[in-house]
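In what follows, chains are A, B, ... by sequence order, proteins preceding strands, each numbered from 1.
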Amino acid sequence: MPELPEVEVVRRGLERHAVGRTVQAVEVRHPRAVRRHLAGGADLADRLAERRLISARRRGKYLWLPLDSGDALVAHLGMSGQLLVQPPGTEDEPHLRVRLVFTDGGPELRFVDQRTFGGLALEPDAGDLPPSLAHIARDPLDPEFDLEAVVAALRRRRTGLKRALLDQTLVSGVGNIYADEALWHTRLHWARPTEELRRPEARAVITAASDVMRAALGEGGTSFDRLYVDVNGQSGWFDRSLHAYGQAGRPCARCGALIVREAFMNRSSFRCPRCQRTPRRPRW
DNA sequence: CGCAGGCCCTGGTAGC
DNA sequence: TGCTACCAGGGCCTGC
């Protein structure tokens, strides 16, 4: 599941392998992959053809590639999306959704996505950010990320802590994996009411999320199910450093109690039952 | 407005 | 063996 570190690895790959090149033609092989492009796949292909990719940018889990036309190609990898750079003639992947061919005859850019939660769309490149991303908060790796403002906003919420960490309008880039890791590092329970957080606790959990994501980026991104690979198909290996996520039944690295898995928001949450005690008034 | 919950999607796997 | 049920979960959407 690509979260911020994995998406950043992809962004760097795009910067290296796609930026500066000119699109010759685009093949949209699955309409769902371009569902956010309301004018349809043919329109997307038309407006991308003969356009040069200017740069590769990211906010949270979103990527966008500004074009020399003033549009930007916005991409989200969803659960299982990949952007692969493949030599022409390489056999098509089973879940190939969109193919970009370049005028230089070099490697193609392929959007591959098994579960089709991800997709591509063209939008105006409105200065700093495509319009559809206006609601996405800055992520912790953004130079303009304002920790104290996020801490204050977090403590104004009236919800469970993990819900808030996953809310991309509060802080972006954090998904299920890094939320569980940040909570484990700070010994906080996922159902802690945000309005009861002490300022140092709030500061610690946001800082922990930031630190864990930065560490993952340093190691090439988390990958435990082979669905995530970077722009050239290389897997990361950060899963070996996870302390909570996916560790049910394994001993907590801090206290030895067995990590438990709990249902939360139709997904899983992992925590240490001893280090991360259930709060008196949980907000599930 | 803030917040909660449903839904979308597919391949792998567990269970009968 | 072959079927069904369940699981992974980010983000959009709706309703309260």
Side-chain angles (χ1 to χ4, degrees), chain A residues 1-8 10 29-38 58-64 74-83 93-98 111-121 123 129-137 139 150 152-183 190-197 209 213 221-229 235 239 242 244-249 260-270 281-284:
Chain A
M1 336 285 146
E3 299 184 26
L4 183 151
E6 293 80 8
V7 178
E8 173 60 17
V10 173
R29 299 169 52 99
H30 196 302
R32 192 171 150 79
V34 296
R35 66 193 180 284
R36 307 265 171 235
H37 189 81
L38 300 181
R58 181 188 58 73
R59 175 172 287 197
K61 304 172 196 173
Y62 281 91
L63 292 165
W64 73 99
V74 178
H76 196 286
L77 303 179
M79 292 287 299
S80 53
Q82 303 167 236
L83 282 164
E93 293 77 8
H95 305 292
L96 175 62
R97 308 302 189 195
V98 181
F111 180 68
V112 177
D113 189 10
Q114 179 210 112
R115 286 174 241 180
T116 68
F117 277 39
L120 306 180
E123 289 186 49
L129 202 65
S132 72
L133 308 190
H135 65 295
I136 302 295
D139 61 68
V150 171
L154 173 60
R155 298 177 69 227
R156 282 195 299 270
R157 294 289 173 99
R158 300 180 62 82
T159 187
L161 177 53
K162 185 167 173 182
R163 273 181 195 281
L165 292 176
L166 296 177
D167 182 347
Q168 306 295 300
T169 68
L170 179 69
V171 51
S172 70
V174 182
N176 206 34
I177 299 172
Y178 298 109
D180 279 2
E181 292 303 302
L183 292 167
W190 52 266
R192 269 293 290 278
T194 48
E195 69 270 29
E196 294 176 7
L197 283 173
M213 291 196 292
T222 296
S223 175
F224 52 89
D225 67 0
R226 278 189 222 89
L227 276 177
Y228 162 71
V229 287
S235 287
D239 51 312
L242 295 177
Y245 184 84
Q247 307 300 305
V260 295
R261 172 182 173 275
E262 294 162 322
F264 162 80
M265 285 173 75
N266 282 327
R267 62 204 65 186
S268 291
S269 234
F270 299 88
R281 289 185 296 276
R283 279 185 173 273
W284 306 117

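- With rounding to whole Å, A/Arg267 atom CZ is found 12 Å from C/dC7 atom C1'.
- Between C/dC12 and A/His135, a contact under 4.0 Å exists linking OP1 or OP2 to a side-chain N or O.
- Across all strands, A/Arg35 comes closer than 4.0 Å to no nucleic acid atom at all (heavy-atom distances).
- No side-chain heavy atom of A/Arg97 sits under 4.5 Å from any side-chain heavy atom of A/Val112.
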Give each protein N/O atom lying under 3.5 Å from an N/O atom of nucleotides 4-6 of chain B, with the pair distance.
from	atom 1	to	atom 2	distance (Å)
B/dA4	OP2	A/Thr159	OG1	2.5
B/dG5	OP2	A/Arg163	NH2	2.9

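- Residues A/Asp113 and A/Gln82 form no side-chain contact, since every pair of their non-hydrogen atoms from C-beta on lies 4.5 Å or further apart.
- Under 4.0 angstrom from either OP1 or OP2 of B/dC8 there lies no side-chain N or O belonging to A/Thr116.
- Checking C/dG10, C/dC12, B/dT10 against every side-chain atom of A/Arg115, the shortest atom distance belongs to B/dT10.
- The nearest whole Å value for the distance from the CG atom in A/Asp113 to the P atom in C/dG10 is 14 Å.
- Atom pair A/Arg156:CZ and B/dC3:P shows a separation of 11 Å (rounding to whole Å applied).
- Looking at the side chain of A/Arg157, the nearest of the listed nucleotides B/dC3, C/dG10, B/dT10 is B/dC3.
- Considering only residues two or more places apart in sequence or on other chains, A/Trp64 meets the side-chain hydrogen bond (donor to acceptor under 3.5 Å, both in side chains) condition with none of them.
- At whole-Å resolution of the value, CZ in A/Arg32 and C1' in B/dT10 are 10 Å apart.
- Listed for the A/Thr169 side chain is no donor-acceptor partner under 3.5 Å among the backbone atoms of A/Ile136.
- For A/Arg267, the salt bridge (Lys or Arg N to Asp or Glu O under 4.0 Å) test picks out no residue, with sequence neighbours left out.
- A sub-4.0 Å separation between OP1 or OP2 of B/dG11 and a side-chain N or O of A/His95 is present.
- The CZ atom of A/Arg36 sits 11.0 Å away from atom CD of A/Glu123, with the distance rounded to the nearest 0.5 Å.
- Remark: P of B/dG2 and CG of A/Asp167 are 10 Å apart, rounded to the nearest angstrom.
- Residues forming a side-chain hydrogen bond (donor to acceptor under 3.5 Å, both in side chains) with A/Glu262 (at least two apart in sequence, or on another chain): A/Trp190, A/Arg271.
- Residue A/Arg158 places its CZ atom among 12 or fewer non-hydrogen atoms of other residues, nucleotides or ligands, all under 6.0 Å distant.
- In this structure A/Thr194 satisfies the side-chain hydrogen bond (donor to acceptor under 3.5 Å, both in side chains) test with no other residue, sequence neighbours excluded.
- With B/dC9, C/dG11, B/dG11 as the candidates, the nucleotide lying closest to the side chain of A/Gln114 is B/dG11.
- Judged by distance alone, the side chains of A/Arg32 and A/Thr116 do bring a donor and an acceptor atom under 3.5 Å apart.
- The distance from atom CG of A/Leu77 to atom C1' of C/dG10 is 11 Å, rounded to the nearest whole Å.
- For A/Tyr62 and C/dC12, the shortest distance from a side-chain N or O to OP1 or OP2 is below 4.0 Å.
- Rounded to whole Å, atom C1' of B/dT10 lies 16 Å from atom CG of A/Leu96.
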Protein-nucleotides 14-16 of chain C N/O pairs under 3.5 Å:
none

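- Using a 4.0 Å heavy-atom cutoff across all strands shown, A/Phe264 reaches no nucleic acid atom at all.
- As rounded to whole Å, 9 Å separates atom P of C/dA8 from atom CE of A/Met79.
- Within 4.0 Å of A/His30, counting heavy atoms only, lies no atom of the nucleic acid at all.
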